[in-house]
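Data first, discussion second: the structure below is written as structure tokens.
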Protein chains: 2
Amino acid sequence: MNVGIKDVARVAAVSPATVSRVLAGRPVDPDMRDRVMAAVHETGYRPNLAARRLRSRHTNTIGLIVADIRNPFFTAVSRTVEAIAYDRGLRVIFCNTDEDAAKEAMYLQLMQEERVTGVILAPTREGADRIAHVESDFPIVLIDRAAPNASCDSVVIDNAAMAAKLVVHLHRLGHRRIAGLFGTDTVTGRERCDGYRRAMEECGIPGQVVPVPHEREQAQRVIAALLEDASRRPSALVVSNSVMLQSVLRVADALELEIPRDLALTSFDNEPWMEFVGGGLSVIEQPVEEIGRTAVTMLMDRLDHADCVTRRVVLAGRFIARGSGGRGVEA
Amino acid sequence: MNVGIKDVARVAAVSPATVSRVLAGRPVDPDMRDRVMAAVHETGYRPNLAARRLRSRHTNTIGLIVADIRNPFFTAVSRTVEAIAYDRGLRVIFCNTDEDAAKEAMYLQLMQEERVTGVILAPTREGADRIAHVESDFPIVLIDRAAPNASCDSVVIDNAAMAAKLVVHLHRLGHRRIAGLFGTDTVTGRERCDGYRRAMEECGIPGQVVPVPHEREQAQRVIAALLEDASRRPSALVVSNSVMLQSVLRVADALELEIPRDLALTSFDNEPWMEFVGGGLSVIEQPVEEIGRTAVTMLMDRLDHADCVTRRVVLAGRFIARGSGGRGVEA
DNA sequence: TTGAAAGCGCTAACAC
DNA sequence: GTGTTAGCGCTTTCAA
């Protein structure tokens, strides 16, 4: 069978406890330590993490649950979280809910069963609403999506203000028919929508909110309905993320609309390719690395200070103007 | 402390073994089963997976290790693998090596310590070379990148043939100065490079291979060096993946090159935005879902038939012609 | 410091 | 079918 700590102990002529101490880096007589290390190499011993976790009662593992692995925003945040976590000797259990609240609930339960130390979660809308009532054995840090009254720590960007920036930008360029496309199922979508609405009001022009479903084909149908009638077509769009933006582009292409002549596009997220469609798109870049870093830090803090008050960190997005509206960056 | 199986047993007035049997779905007297389920809900019992795995000696867990989480190809494959695995009641441990062979080795060791059932791996070049000599306790299925003589099962696409398709396409459009950009550190890059070379030879034109490093800034420097001198600039490029393509676009933009007039672009991978830059790019679309599905299936097969011969599944990519070269799809 | 012994929570083996 | 018992591999008392 597999080689265990007892086998190592026998080879090194020490007790299992001593082997355990060596492996944990606790103070042990140098000679013994050397003998143990030699025995470890000789036997090819690999610790059994299941046994270690069961006995020691801490897993050194955090859960990371995101809503859409295909959204580059989430993969960028995930990459940062993973890198930092491993630097700190933490394992990460990474899960993708595909905006499905049932899957999210299942994963949250899995985290309980894995006895994770904590969870970083980008919830679905339903999940974000429910999280207030959920009692879990581990702290949760919400990222990207968190109602202002959330009962968990959270790190978000100022979605409303950022959406307003896009509206103002388009308004300055002379656009008066500006539609806003936001996800039906996300807190983020709701917040961006609010910001869009207020900004439109302040500009004194009527808003047109279009709720867009997550599933791509459905999304494209909704967008096609918005754009196909030339007489009622908006002249510009505020789009809630890069995935949705690609659906818009596909529909616009099918309708043979030219960007930005027939339709000006602005979006959240900043992917490299956005520089190269329609002469460059103006966007809100999110500080993905800082979001990931902050989330891990907040989680660790929470583990140290379980009863500290709930914190909400709001980071600023970065407005990047491109294309005919002029290039430039504005904080 | 936490509620365990014994607590449930006491509440239900049965033995711990019976609770275990109910939870595992084994035959139990209906009355008892009901009592147990009631007790489970009453106590809020959640199984401890560490304990279960330790005792039962199977983890029902597979590892999925990819080389670049920011590459949409890998996220698409990962999404499929994860969805299928969960349907089959398997957990997935998802890891990102960032093309770092050391990180890859560390993760492979982690998989040992987690006692996973099997691993699906998109290796770095170094890792792919080394994998032949590695003895692991679990089967490994290589995806995307696998030397033809790999000692593991693998599922790949016919990279050489696909690269050749792109070359032939460009040649037909009249291009004679076609450079090939391929990753320095990947098996895939090497294979695509070979296909490119052979196709260039067959077309009777000299090839120009440009090895591109994974790190983005370095990549852009290499690409800038290739493109900045107008007199020596190729008229068309074969690019190895969508991440690299974005670096190309950025450099081309900085040099104020117009696509495809100053530079024609073709690439592997098919992301929606590729329809909208340079009037539409001709690309090789990879069957991402089928790759993921096949990988899981092969892994399960291997678990059932440990001593079966090594299998290599080669899937076909799909050539998609767009832009001035004419639209269309060809298998 | 080190070793002996107990036991983390669960399932498998065995007897009933 | 059900309960009793042992023990998965490890860490952590506790005593020496």
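Labels below follow one simple rule: chain letters A, B, ... track the order of the sequence lines, proteins then strands, and each chain is numbered from 1.
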Is the base of [N] touched by the side chain of [X] through a donor-acceptor pair closer than 3.5 angstrom?
X: A:R21; N: C:dG3; answer: yes
X: B:R57; N: D:dG9; answer: no
X: B:R52; N: C:dG9; answer: no

Spacing between [X] atom [atom1] and [N] atom [atom2], to the nearest angstrom:
X: B:L49; N: C:dG9; atom1: CG; atom2: P; value: 14 Å
X: A:R35; N: C:dG3; atom1: CZ; atom2: C1'; value: 13 Å
X: B:D7; N: C:dC10; atom1: CG; atom2: P; value: 9 Å
X: A:R53; N: D:dC10; atom1: CZ; atom2: P; value: 13 Å
X: A:R26; N: D:dC10; atom1: CZ; atom2: C1'; value: 12 Å
X: A:L54; N: D:dC10; atom1: CG; atom2: P; value: 12 Å
X: A:D31; N: C:dT2; atom1: CG; atom2: C1'; value: 14 Å
X: B:E114; N: D:dC10; atom1: CD; atom2: P; value: 13 Å

Show the numbers, then the answer: is there a salt bridge (Lys or Arg N to Asp or Glu O under 4.0 Å) between A:R311 and A:D301?
CA-CA 11 Å; A:R311 291 180 307 166; A:D301 286 356; 3.5 Å; yes
Quick one: is [X] getting a side-chain N or O under 4.0 Å of the [N] phosphate, OP1 or OP2?
X: A:T18; N: C:dT2; result: no
X: B:R55; N: D:dA6; result: no
X: B:S56; N: C:dT11; result: no

Residue whose nearest DNA chain D nucleotide is more 5′ - B:S15 or A:A50:
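Between the two, 5'-proximity favours B:S15.
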5' priority, DNA chain D, between A:K6 and B:M32 [closest heavy atom]:
B:M32
Centroid separation under 6.0 Å, is that true for the rings of A:Y107 and B:Y86?
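Yes, the ring of B:Y86 comes within the 6.0 Å limit of the ring of A:Y107, centre to centre.
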Salt bridge present between [X] and [Y] (N-O < 4.0 angstrom):
X: B:R91; Y: A:E113; value: no
X: B:E99; Y: B:R145; value: yes
X: B:E114; Y: A:R53; value: yes

